[in-house]
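Below is one structure, written out as structure tokens, with a few remarks after it.
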2 protein chains.
Amino acid sequence: MSNKLDSARQLSVDDQDEKMPTRNTLRYIILGLLAAHPMSGYDIKRAFDRSLATYWNAGNSQIYTTLKTLAERGLVSSEVVYQEDRPNRRVYRLTPAGRAAFDAWLSEPVPPRFTKDEFLTKLFFCGQTSDEAALRHLEAHLEALRAQLADMEWALREYGDRPTRRPRLLEYQMLVRDYKQAILQTDLAMTEQAIARIRARL
Amino acid sequence: MSNKLDSARQLSVDDQDEKMPTRNTLRYIILGLLAAHPMSGYDIKRAFDRSLATYWNAGNSQIYTTLKTLAERGLVSSEVVYQEDRPNRRVYRLTPAGRAAFDAWLSEPVPPRFTKDEFLTKLFFCGQTSDEAALRHLEAHLEALRAQLADMEWALREYGDRPTRRPRLLEYQMLVRDYKQAILQTDLAMTEQAIARIRARL
DNA sequence: GTTTGCATGTAAACCGTTACATGATTGG
DNA sequence: CCAATCATGTAACGGTTTACATGCAAAC
């Protein structure tokens, strides 16, 4: 469909490329979190669950391995913090190179990519089943959406109004939150409408 | 969490399990398309671009390899259709086993999975850059959304009103289309609102 | 005394993207 | 002559998920 300028791809002269060539959004998320404060892998996982889970998430296994590769590339450094009563923590912080890489990512445009939506994809094919089966999917989706909206409300109450010394960060986070919430609400409204549409025929 | 019946996991004697255990939405999409009519890999690619691209897409390489594994597992069969003037086509059709697998997928609930949204993720971190950079991202997103909406309109005009002998299929496809369109419109509205919000400060 | 929370990881399988490869025909 | 359409694939890499593995402390 759109077919404009695929190749603005000159050979860049400098091959300092400890290549970080592809996408790896997760790497940059971790750098971005560490830009706010030093954290352990465990902390990062909690940051996902608290505030990021709606837009992205990752399992522990991916987080820990990614931290390791970031360290190998010199984008983060780490030190062990010894604790009694609890397991020791390995705390990571950004290096200047890491900060630079993060800034570069922030200023780059988001590369386009096809969306993948398992729910809509299945619904697309539901003409090949019974309306009852379709209704089951829609109702399950409705429930999932309500749970997600409730989670967002909860996270807002729990973590949203804490004082911060970086109001700009919070401002964008709230902006994104509102954005996502509006989409979820439309999603919910459309699911309800679809249910009504199908029920009307039974 | 669950720690009860791990031991239901004895070596199963029958290794008919040509296991199709994971997710692979693409496999089922292909089965679903073939359920409507027999098609070649090329046709499947076109079906994606015409009507499915908004919810899912795949490159040729993945399509052709997936067709091969589906054939190995006996879910589809194929025959070569010879053509003059053009390359021959290998046309695939569902086997009864394939139809059964597709039906099973349709009746299963959609397994939950974390969403990943590169755009919102980047916006989430935009408090660490200039508002100008954030505006650039938002404006690029706006343009992408407009293009996508235009594509959907175009696809509707081009392929949407053709007569069909399976009105139920089309009905669900229209439902999903409306659904997606509403979400894109909310997306667009929120992007515009975010742009206004940031501009108000400059 | 069992579950939850803290804390860190490894290995393998699986899914998706990018790059590459080929070759005839039709239309501008 | 160049681009697009038709048509089919292979190879390599990279990113994600799932399963497995460990172990102490506090709380119920």
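Being a predicted model, the structure only gives us computed values, none of them experimental. Both backbone and side-chain heavy atoms feed into the values below; hydrogens, waters and symmetry mates do not. Chain naming here is simple, since letters A, B, ... match the order of the sequence lines and numbering starts at 1 in each.
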From C/dT17, D/dA26, C/dG16, pick the nucleotide closest to the side chain of A/D85?
D/dA26

Looking at D/dC6, D/dG9, C/dT8, which one has an atom nearest to any side-chain atom of B/Y64?
D/dG9

Taking only side-chain nitrogens and oxygens of B/R86, does any of them come within less than 4.0 Å of OP1 or OP2 of C/dG23?
no

Considering only side-chain heavy atoms of B/Y42, which listed nucleotide, D/dT5, C/dT18, D/dG9, is closest?
D/dT5

By the 4.0 Å heavy-atom rule, please label A/G41 as base, sugar-phosphate, or nothing.
sugar-phosphate

Rounded to whole Å, CG of A/L26 lies from C1' of D/dT16 at a distance of 10 Å

Between P on C/dG16 and CD on B/Q62, what's the gap in Å once rounded to a whole number?
5 Å

Using a cut-off of strictly less than 4.0 Å, decide whether B/K116 has a side-chain nitrogen or oxygen near OP1 or OP2 of D/dT17.
yes

Take atom OH of B/Y92 and atom C1' of D/dA7, then tell me their distance rounded to the nearest Å.
12 Å

Is B/T65 close enough to D/dT10 that one of its side-chain N or O atoms is under 4.0 Å from OP1 or OP2 there?
no

Does B/R23 place a side-chain N or O at less than 4.0 Å from the phosphate oxygens OP1/OP2 of D/dT18?
yes

Starting at CG of B/N24 and ending at P of D/dT16, how long is that distance when rounded to a whole Å?
17 Å

Looking only at side-chain atoms of A/K68, point me to the closest of C/dT10, C/dT8, D/dG9.
C/dT10

Are OP1 or OP2 of C/dT18 and a side-chain N or O of B/N60 less than 4.0 angstrom apart?
no

Please check the phosphate of C/dC6 (OP1 and OP2 only) for any side-chain N or O of A/Q83 closer than 4.0 Å.
no

Is the distance from OP1 or OP2 of C/dA7 to the nearest side-chain N or O of A/K45 less than 4.0 Å?
no

For the side chain of A/R113, counting heavy atoms from C-beta on, which of D/dA7, C/dA7, C/dT17 is nearest?
C/dT17

Selected nucleotide, minimal atom distance to A/R27 side chain, candidates D/dG15, D/dG9, C/dG9:
D/dG15

Which pair of heavy atoms, one from A/V76 and one from A/L67, lies closest together, and at what distance?
CG2-O, 4.0 Å

When rounded to whole Å, the CD to C1' distance for the pair A/E118 and C/dC15 reads 11 Å

